[in-house]
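Comments concern the structure below.
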Amino acid sequence: YLNLMHHFTQDIEQSKANFVFCSQTLKNLSQSSALSWYVQAVGQMMIGDRPGAILLLNNALRLDPSLQIVYPLLGQLYCFTGEYQKGYDFMDYGFSLCPEFRYSGNNLVTMGILLFGLERYSEAVAVLEESFYLQTDSWVNRGIYLTSLFLMGQVNKAKKEAKDFQKMIDEANPFTIRNSLNLLNASMKKRVEDALSGMQVSIP
């Protein structure tokens, strides 16, 4: 599975097709392996089927609740289906089982978005500040961070940092930015866009 992920990085469609094929093979081989359900879920994520991936991951947990890697992935999926409390609960439990998850992938950014979704802005700020040590060039965590500052009343601090953020946006791929915003549910997206507008940040 890792071999496929790396080998076909330059050809997304080929990667998806191969992953789906391997997932189907795994499904045929075993319905009793939690890890098999997990890999199938990753395959569903690759083709954009979040509800299907959630179902498969829950199947994995029914078979083996101790399979730690499932929890942060469920947290991410629930984050982008707008079920922020569920996402937070899975992510938080995953961190408690394996603290290393906190510093792998985009887990800190996901946790920040979940806390933002739950309107726990000061906690979102703390988590996203922690994430800056891992990735300094992510406009997503920087944007949610500034929006959280703005909405918790630290308007001057947010506006002060907004100039550098605008520069980051101007240098980013506009399609990537808009695509990321569209992953948020309508309510959260409006909160982000309204706050950024209040900081005079323009998104292409």
Side-chain angles (χ1 to χ4, degrees), residues 12 16 44-54 72-92 94-95 101-204:
I12 302 301
K16 286 179 183 177
Q44 291 307 109
M45 283 180 64
M46 289 183 70
I47 60 172
D49 179 11
R50 291 193 196 98
I54 287 171
L73 194 57
L74 268 171
Q76 289 183 34
L77 286 164
Y78 281 123
C79 179
F80 294 112
T81 56
E83 297 174 84
Y84 303 124
Q85 188 60 56
K86 276 187 180 180
Y88 173 83
D89 291 342
F90 276 109
M91 190 68 73
D92 189 53
F95 288 176
F101 285 147
R102 190 173 182 87
Y103 303 105
S104 63
N106 286 315
N107 287 339
L108 276 176
V109 176
T110 302
M111 182 60 101
I113 295 171
L114 288 165
L115 288 165
F116 178 87
L118 294 168
E119 300 182 28
R120 292 161 59 174
Y121 300 125
S122 61
E123 292 172 80
V125 163
V127 166
L128 290 167
E129 283 178 344
E130 193 175 357
S131 81
F132 295 155
Y133 293 104
L134 301 177
Q135 46 178 316
T136 57
D137 60 345
S138 167
W139 81 268
V140 175
N141 57 349
R142 186 69 63 174
I144 296 290
Y145 172 72
L146 290 181
T147 301
S148 297
L149 285 174
F150 188 85
L151 292 174
M152 65 189 277
Q154 294 191 26
V155 177
N156 289 337
K157 183 177 180 181
K159 285 185 173 180
K160 188 176 178 182
E161 295 193 31
K163 291 177 184 176
D164 288 336
F165 181 58
Q166 182 67 64
K167 195 179 298 182
M168 186 183 286
I169 284 181
D170 292 342
E171 292 170 358
N173 182 331
F175 174 77
T176 304
I177 294 174
R178 191 49 62 182
N179 200 39
S180 297
L181 276 172
N182 289 337
L183 289 173
L184 307 177
N185 74 10
S187 169
M188 185 190 281
K189 183 179 172 184
K190 187 172 190 317
R191 261 188 289 161
V192 170
E193 290 179 329
D194 288 351
L196 292 179
S197 176
M199 289 179 268
Q200 284 80 53
V201 172
S202 60
I203 298 175

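Counting begins at 1 with the first residue of the sequence. It should be emphasised that the depicted structure is a prediction, and the values quoted were computed from it without experimental measurement.
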Side chains of [X] and [Y], heavy atoms from C-beta outward: is any pair under 4.5 Å?
X: M199; Y: E161; answer: no
X: D92; Y: M111; answer: yes
X: E123; Y: V127; answer: no
X: F90; Y: L77; answer: no
X: I113; Y: M188; answer: yes
X: L128; Y: F116; answer: no
X: N107; Y: Q76; answer: yes

Reported [atom1]-to-[atom2] distance for the pair [X] and [Y], which is rounded to 0.5 angstrom:
X: N185; Y: C79; atom1: CG; atom2: SG; result: 9.5 Å
X: I169; Y: S202; atom1: CD1; atom2: OG; result: 7.0 Å
X: E83; Y: D89; atom1: CD; atom2: CG; result: 11.5 Å
X: S148; Y: E129; atom1: OG; atom2: CD; result: 10.0 Å

Identify the two heavy atoms, one from [X] and one from [Y], that lie closest to each other, and give their separation to 0.1 Å.
X: A158; Y: L149; answer: CB-CB, 4.0 Å
X: Y88; Y: L114; answer: N-CD1, 3.6 Å
X: V201; Y: A162; answer: CG2-CB, 3.8 Å
X: S131; Y: N141; answer: OG-ND2, 3.0 Å

Y84 and Y78 aromatic centres sub-6.0 Å: no
Tell me which one of Q154, M152, E130 satisfies side chain to side chain contact (heavy atoms under 4.5 Å, CB included) with V125. M152
Residue N156 excluded, over 12 heavy atoms near CG under 6.0 Å: no
Look at atom NZ of K189 and say whether more than 12 heavy atoms of other residues, nucleotides or ligands are closer to it than 6.0 Å. yes
Pair F150-L146, side chain to side chain contact (heavy atoms under 4.5 Å, CB included): steps then yes or no: CA-CA 6 Å; F150 188 85; L146 290 181; over 6 Å; no
L73 vs M45, side chain to side chain contact (heavy atoms under 4.5 Å, CB included): CA-CA, chis, key distance, verdict: CA-CA 10 Å; L73 194 57; M45 283 180 64; 3.5 Å; yes
Step by step, work out the side chain to side chain contact (heavy atoms under 4.5 Å, CB included) result for E119 and R191. CA-CA 10 Å; E119 300 182 28; R191 261 188 289 161; 3.4 Å; yes
